[in-house]
Protein chains: 2
Amino acid sequence: MAVTMNDVARTAGVSLKTVSNVLNDYEFIRPATKQKVLDAIAALGYEANLTARSLRSGKTRMLGLVLSDLSAPYYAELASRLMKVASDRGYRVLVEQSAATRENELAALQGQFRQLTDGLLFTPLALGPDDVAVAQGDKPLVLLGEHIADPRFDLVTMKNTEAAHAITSHLLASGRRRVAVLGAVPEDTTGSSGLRMLGYRQALTAAGLDFDPDLAVMCDWRRDGGATAIRQLLDSGVQFDAVFGLNDTVALGAMHELLMRGVKVPDEVAVAGFDDIDEARFASPSLTTVAPGMDEIAERSVGLLIDRIEGNGATANGMQLEAGFELRIRDSAP
Amino acid sequence: MAVTMNDVARTAGVSLKTVSNVLNDYEFIRPATKQKVLDAIAALGYEANLTARSLRSGKTRMLGLVLSDLSAPYYAELASRLMKVASDRGYRVLVEQSAATRENELAALQGQFRQLTDGLLFTPLALGPDDVAVAQGDKPLVLLGEHIADPRFDLVTMKNTEAAHAITSHLLASGRRRVAVLGAVPEDTTGSSGLRMLGYRQALTAAGLDFDPDLAVMCDWRRDGGATAIRQLLDSGVQFDAVFGLNDTVALGAMHELLMRGVKVPDEVAVAGFDDIDEARFASPSLTTVAPGMDEIAERSVGLLIDRIEGNGATANGMQLEAGFELRIRDSAP
DNA sequence: TCTTGCAGTTACATCGTTGCAGAAATATCG
DNA sequence: CGATATTTCTGCAACGATGTAACTGCAAGA
């Protein structure tokens, strides 16, 4: 059996509550008493039982992180950073993979996962604002990376539209005129896909070009999605001189397929992505992309969530934070 | 305040304990009573308080996963799979990043992290067998991916040596004679690095070649480590016609640097890696590597750990499981 | 001298659940 | 039919911590 506070109290010759008071930095304790207790703790190797503490206090000091798939590089890198930031503030992160299904996202928002955590970092992919509002519960919730344009919620996001505009403009500025865009999601206007598509279209307009639906290809936001999309494009005979993958894995999958088919990158087709995952720098050719401020997102989202949990920064309304972005011009689209 | 078992008991008109019995599938309950309880649960939307249950039962139904860095693709992909397998068996996974330091690994093995979990999946990188033995504690522990050759511990690993031998032999079979190996760790004989190096050297020997220390380069097991290592090799003027990265990220970083320097892959230098992360398939050229049976490792390690936790498969001694491997011959080393 | 006030400590209840032991109701048997 | 099993259900204690309230000294003030 593990050492309990009772054991500590007994060996220190004080009451259970005094031990508790020492551990919780209660003000009025005689230094001598405090020392006795600390000695007993050291002697017995006592460690507080977190479960008991949680039951009593109602706090778990865990943050929930809901995302579709931890094996996706962007999410893996984000999760890693979030965990580090949380750790610095004395919290752990419990990850839940939703596979982007409605059912799983609702479960994460309502069910036992919620119980285990003091607050949630939530990437809504299948749910809309009203779903989230209904299932929100009473614990703090910070939305991540998606633009659910709703002042009810805290949101930490990136400049999807501006960044997509900027990188598309970069492609156009280098003389490209037929920029295919991969990873479009039909009907989506407020998700990452919709917002990035908007930036893409705005950049076309700004350059005096029309949007050609043939150049927008739906696909999974994964490497094989990008590869499949390029296969479709090439096989359909649509002409294009640049590719904008709505995230890096799509762009990398696309680039791979282009090179396999003997298309020269960037000479014949330039390729750009979005996210600046570590892999982008080391691809061959290295991938031009946009860094959406992941460090800032990690810092601010965890900071905001913990502030909410601890009752600081008690704004009634949702905060909307947008991280800055930077273009990373590399060899795939110089 | 959330609905408790007491509320359910009151509305169902039974005792607290009967509700508990229903929830725990106690045998002797009249169907009618059971139905009353279930109805009350549904009506009130009751959900068991996991913290209270944990305090009482001493079980958290969480598995701990200790690894160095979740943003490393191999670990991200492994963690994702482990979480899925655990989820199917009703467990969650709590991840702890150790940054491969002794201090953090010991903390994960002993401290509060251990308390939060019913058992640990542990990737020892800084700790040796005796450290682990000292810090083991009384909860189940399954070592992952490392060969700590110690019958005291459960271990799920891969055929590091055989697989490294096989892939080195593949390079040699294609006529390469000067195979640089990147990611060596001095002194290591039992870690992933040591075991893969052993396979490499055995393959050289089998082909009648001597081991040339100039061809073994130390580096971090990351993309930039591989790139740096190649820079060193090229700048030092050592001749080589193939590169074996001790993991895929090293190999990919190396390949990137080779291509940047104008070295043709695979014509001038063949490149092979280890792990078969998803990225390998989509690199350009696609990366020849070895798939170390990640699915099998995930299934068996979680299975073994949960069996230990639940007291099945009660072998006293440690189990040593080795997943099978497969070569994936791709364009970087055909 | 007797309050009054505060520092320092304590006992007890409580968080929501499950294990244990036993009570009540029903079934089985000679 | 009474005695003994067996089924069904209940009350109490416990898991290990913290909040509340109350108690004990001791110093200051009246």
Side-chain angles (χ1 to χ4, degrees), chain A residues 1-38 40-41 44-62 111-112 114-116 118 138-139 310-311, chain B residues 1-41 44-62 111-112 114-118 138-139 310-311:
Chain A
M1 216 60 245
V3 182
T4 77
M5 256 173 57
N6 233 318
D7 303 326
V8 174
R10 207 170 310 121
T11 50
V14 297
S15 79
L16 181 65
K17 190 66 230 274
T18 297
V19 179
S20 168
N21 285 337
V22 170
L23 267 82
N24 292 283
D25 288 319
Y26 179 65
E27 197 179 352
F28 302 117
I29 302 179
R30 231 175 321 185
T33 313
K34 185 166 183 172
Q35 197 52 54
K36 273 194 301 184
V37 172
L38 292 176
I41 287 175
L44 299 176
Y46 167 79
E47 269 196 281
N49 180 313
L50 298 181
T51 307
R53 185 173 280 176
S54 288
L55 176 58
R56 187 62 243 233
S57 69
K59 302 281 177 194
T60 61
R61 295 194 79 80
M62 287 218 268
Q112 304 202 302
R114 201 65 186 277
Q115 258 190 42
L116 289 168
D118 292 342
D138 49 356
K139 287 182 183 171
E310 299 182 348
Chain B
M1 214 65 240
V3 182
T4 78
M5 255 172 61
N6 231 319
D7 303 325
V8 174
R10 205 168 315 120
T11 51
V14 298
S15 79
L16 180 66
K17 191 67 233 268
T18 297
V19 178
S20 169
N21 284 338
V22 170
L23 267 82
N24 293 283
D25 288 320
Y26 179 65
E27 195 179 357
F28 301 116
I29 301 178
R30 231 178 323 182
T33 313
K34 184 165 182 171
Q35 196 52 52
K36 271 193 301 183
V37 172
L38 293 177
D39 289 347
I41 287 175
L44 298 176
Y46 166 78
E47 270 196 282
N49 180 314
L50 298 181
T51 308
R53 183 174 283 174
S54 287
L55 176 59
R56 184 63 244 236
S57 68
K59 302 281 178 192
T60 62
R61 295 194 79 81
M62 288 217 268
Q112 305 202 303
R114 201 67 188 276
Q115 258 191 41
L116 290 169
T117 57
D118 292 342
D138 49 356
K139 286 182 185 174
E310 298 182 348

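Residue numbers start from 1 in every chain, and the chains themselves are labelled A, B, ... in the order their sequence lines are given, proteins ahead of strands.
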Between [N] ([atom2]) and [X] ([atom1]): distance, integer Å:
X	N	atom1	atom2	value
B/E27	D/dC9	CD	P	13 Å
A/Q112	C/dG16	CD	C1'	13 Å
B/F28	D/dT7	CZ	P	4 Å
B/L16	D/dA13	CG	C1'	12 Å
A/N24	C/dG8	CG	C1'	16 Å
B/L23	C/dG16	CG	P	15 Å
A/D7	D/dA17	CG	C1'	13 Å
B/N6	C/dT18	CG	C1'	14 Å

Pairing of B/K36 and B/D39 as salt bridge, 4.0 angstrom limit: no
Side chain of [X] - closest among [options]:
X	options	result
A/I29	C/dT17, D/dA17, C/dT9	C/dT9
B/S20	C/dT18, C/dT9, D/dG16	C/dT18
B/R53	C/dT18, D/dC9, D/dA17	C/dT18
A/V14	C/dT10, D/dT18, D/dA17	C/dT10
A/T18	D/dG16, C/dT17, C/dT10	C/dT10

B/K139, NZ: over 12 other non-hydrogen atoms inside 6.0 angstrom: yes
Enclosure of B/D138 CG (heavy-atom neighbours >12, cutoff 6.0 Å): no
4.5 Å side-chain heavy-atom contact, B/L23 and B/I41: yes
Atom pairs under 3.5 Å, N or O on each side, protein against nucleotides 20-26 of chain C: can you list them with distances?
residue : atom : partner : partner atom : Å
C/dC20  : N4   : B/K17   : NZ           : 3.3

Distance, nearest 0.5 Å, that separates OG1 of A/T18 from OH of A/Y26: 10.0 Å
Distance test, side-chain N/O of B/T4 to OP1/OP2 of C/dC15, below 4.0 Å: no
Under 4.0 angstrom between A/T33 side-chain N/O and C/dT9 OP1 or OP2: yes
Under 3.5 Å: donor-acceptor pair, side chain of B/N49, backbone of B/T51: yes
CA sep, side-chain torsions, deciding dist, call: B/T60, B/L116, side-chain contact (heavy atoms from CB on, under 4.5 Å): CA-CA 7 Å; B/T60 62; B/L116 290 169; 5.5 Å; no
On a heavy-atom basis, which atom in [X] and which in [Y] lie closest, and how many Å separate them?
X	Y	answer
A/V3	A/Y46	O-CD1, 3.4 Å
A/R53	A/A48	NH2-CB, 3.3 Å
B/Q115	A/L50	OE1-N, 2.8 Å

Donor/acceptor link under 3.5 angstrom from B/R56 side chain onto base of C/dT18: yes
Terminal axis angle for the helix from C/dT1-D/dA30 to C/dG30-D/dC1, five pairs an end, nearest 10 degrees: 60°
